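What follows is a set of notes on a single structure, which appears directly below.
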Amino acid sequence: MRVLIITLATLFTNFVYGQTNNIIPKPAFADDLPGGFTLRESEVIRLEPGDSLQRAVATQFLHRLAASGFGSMRVSNQNGRIIFTKDSSLPPEAYRLRVDPSGIELTASSFGGYFYALQSLWQLSSDLRLYDSVSRKKYTPFFKSCSISDQPRFGYRGIMLDAARHFFPVWYVKKLLRVMSFYKYNRFHWHLTDDQGWRIEIKKYPLLTAVGATRKETAKGYYSFHEFDGQPYSGYYTQEQIREVVAYAKQLNIEVIPEIEMPGHSLAAIAAYPALSCDPSPTEVKTTWGVETNILCPTKYTFRFLEDVLTEVMALFPSRYIHVGGDEAPKLAWQKSAFCQSLIKEKGLKDEHELQSYFIKHIDSFLTSKGRRLIGWDEILEGGLSAGATVMSWRGTKGGIEAAKMKHDVIMSPYTYCYLDYAQGYMMDEPLSYRDMLPLDSVYAFDPVPATLAPDERRFIKGVQGNLWSEYVSGPTAADYQLFPRALALAENGWSEQKSYPDFLRRLKYHFGVLAKQGIKASTAYYDVQYEVKRRSMGKYFLSLKSKDSSLLIRYSDQVNAKSPQWQYYKSPIALSENSFIQVQPVSNSGAIMGKLTSRVFETSLLTGLPYQAEDVSKRYNGGSDYGLTNGIRGQIDNEFTWVAIGTDNLQFSIDAREQISPEQIQINFLKWQSGGILLPTQLKIEVSADGKTYRTVYLAPLENRLYPAKYIYTVSVDNPGTFRYLKVFGKNYGKLDTNYYNQSNRSSIWLDEVFVK
Ligand code: ACM
């Protein structure tokens with residue numbers, strides 16, 4: 001019986017792990033067949049006479065081979081074993097691909113179909129030389145036999161690149177388009193304007209780029225902090241470059257959708273033409289991130305400006321959709337503006353939200369009159385959705401659901417699954433990125449069609465898009481890191497009906513090689529090791545190490561600064577002493593380095609590994625874990641991700657030690673960071689209790705927020721607090737910030753870490 005099971009498992013393995021199982025996104029139907037086809041230069045490509053779509057894709061077939069060092073092949077209308085066949089019954093983008101020892105056949109009804117048949121063909125080979133246009137060694141590609149019949153789940157599969165916060169050169173945009181098309185993406189959403197830069201040449205308004213494409217400096221570090229690099233930052237695309245990119249994308253079956261932001265996120269335009277604002281006093285291109293309150297004023301002048309700009313934009317971009325932003329437009333300026341208030345009255349509008357809706361409807365009519373369709377972020381729902389608008393749902397899926405119920409088209413791009421500027425792994429180990437975490441498995445888990453939609457509403461979900469905002473993505477290398485491999489997971493969400501994460505991960509191993517050959521350093525954060533301190537009993541703490549990729553081994557060392565440390569392989573939880581340094585490296589079975597080396601210093605105390613209860617702790621940073629205050633990792637002054645951030649309310653938390661303890665000291669560490677509006681509680685109370693009913697106050701005092709240094713750690717210590725089991729801490733928030741803080745809420749927040757009871 002045992003023998004039989006092994007044999008079956010082997011057969012099964014051979015079947016499942018055929019070459020069609022290299023393909024990302026996963027095809028709808030694929031059978032692996034025996035043998036394969038060896039491509040030689042003597043082979044001929046046979047096209048149907050006069051079919052320019054087939055010819056265009058065949059040309060790309062030849063170009064890729066030539067670029068990789070393979071010689072040239074002939075094209076014919078009579079004979080040949082690499083056959084392009086038209087089947088008009090196939091839907092757009094659908095294709096069939098057959099490979100067997102007698103030849104290759106690519107069947108489709110459209111350019112996209114032939115193009116995707118070719119992308120799948122490339123992926124059928126496991127020969128990475130196909131993607132190597134650097135070493136160009138002579139070789140003979142081999143394609144495994146198979147039969148594939150494939151079509152996308154969604155017609156819209158996009159990536160958005162924010163070229164406003166940071167500028168990306170044309171060569172990089174083209175590279176991104178190439179890689180996107182390899183994974184069957186068909187839309188490139190180009191975020192071209194924002195508060196921090198206007199990046200598209202508009203002939204009628206030359207100041208947009210002469211003034212709006214440059215900011216005088218850029219905020220350093222995470223966005224709420226007031227430190228600047230002092231370096232002017234510029235960049236824009238000429239109209240000629242834009243035409244070049246649009247034409248290039250078309251050859252890759254990608255439509256480029258421009259985004260011109262309105263009425264918010266428009267400070268770069270306002271800096272160039274202050275009359276666009278309700279407050280026409282001069283202003284500058286924004287140097288910090290976040291939401292800007294100075295927005296476009298809905299005057300005749302503004303509408304004429306936007307129509308002029310969009311006219312030039314439409315001449316450059318033949319796309320059906322024109323994206324007009326619409327997100328994050330605070331209504332403060334409109335509330336204060338006499339013009340807006342009288343416009344609201346004149347048009348019979350209810351409020352400023354209806355004024356935004358009026359604004360978007362005006363632009364929608366204009367675009368519709370030119371044969372285009374307006375698309376905008378889900379805020380365009382507020383105050384009434386314009387008739388022809390498509391909604392891009394980013395604040396979760398709620399906006400998308402609402403729009404679909406109103407029978408409007410929807411593109412799903414919720415930040416919870418699709419924001420590729422978020423950190424891919426534990427933030428302490430990642431480059432500076434947006435503060436939320438979005439690991440690969442979470443991206444993969446996304447289903448763009450919400451289960452709450454009725455069957456007849458689901459058809460309004462037209463697709464899915466990943467967004468790369470670029471506040472913390474300063475250039476091509478950083479962009480590659482943030483995009484890959486998560487963009488591959490999203491590609492599968494957009495294309496494939498049937499998904500399996502373990503199978504995706506197995507295919508991903510091959511694609512890491514493919515990406516590397518194309519000069520992409522993808523993130524391997526999903527290999528990274530998670531550290532978890534577990535408490536067995538009072539004073540006994542053990543560290544568990546786990547990689548999300550369970551096929552990896554983990555080696556670790558406690559040697560600090562050793563040139564070649566002595567490694568041990570992790571087998572079971574490691575006992576921690578009061579102070580433990582540990583560095584960790586995931587490796588493959590054969591000992592190859594996989595992903596990052598990371599390290600931690602652990603300091604344990606009597607409360608380590610015990611959860612804390614709190615009402616309002618930011619879900620970000622360590623606050624997301626119940627063990628943030630007791631994970632053994634002390635908050636570090638230069639690493640904001642080691643802190644537990646309490647929102648803008650008072651601090652209140654408690655910890656149950658689970659038995660009576662008589663420690664020598666209670667110690668709580670707070671961060672004070674002036675420019676971020678992070679202040680010590682103005683009053684702190686620490687209480688302890690033996691029974692959880694009657695509490696004794698062991699500390700009650702005001703804390704002083706010194707102005708200097710601007711950033712420091714303040715430790716509150718209580719010696720000999722007596723015997724207790726329960727600890728309770730209250731801190732009074734400083735409240736409204738009175739000086740020139742950069743903080744959206746204009747209230748102080750409290751950050752602390754860690755709580756030690758020794
Ligand atoms: C957005 O992230 N503000 C669309």
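Just so you know, ligand 1 is whichever comes first in the structure, and atom 1 is the first atom listed for that ligand. Position 1 is the first residue of the sequence, and the numbers go up from there. Bear in mind that the values here come from a model prediction, so they are computed numbers and not experimental data.
For ligand 1, the polar-atom distance check finds an N/O of E328 within less than 3.5 Å of one of the ligand's N/O atoms.
Checked against the 6.0 Å centroid threshold, Y444 and F504 count as a close aromatic pair.
Those atoms of ligand 1 with a heavy atom of Y419 less than 4.0 angstrom away are 1 (C), 2 (O), 4 (C).
For the ligand labelled ligand 1, residue W469 lies inside the 4.0 Å heavy-atom shell.
For atom 3 (N) of ligand 1, the choice among D327, D378, D194 with the nearest heavy atom turns out to be D327.
With rounding to the nearest 0.5 Å, the separation of CD in E430 from CG in D528 is 6.5 Å.
Side chain to side chain, W394 and E379 meet the donor-acceptor criterion of an N or O pair below 3.5 Å.
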side-chain contact (heavy atoms from CB on, under 4.5 Å) assessment of M406 paired with E457: CA-CA 9 Å; M406 292 159 68; E457 293 161 346; over 6 Å; no
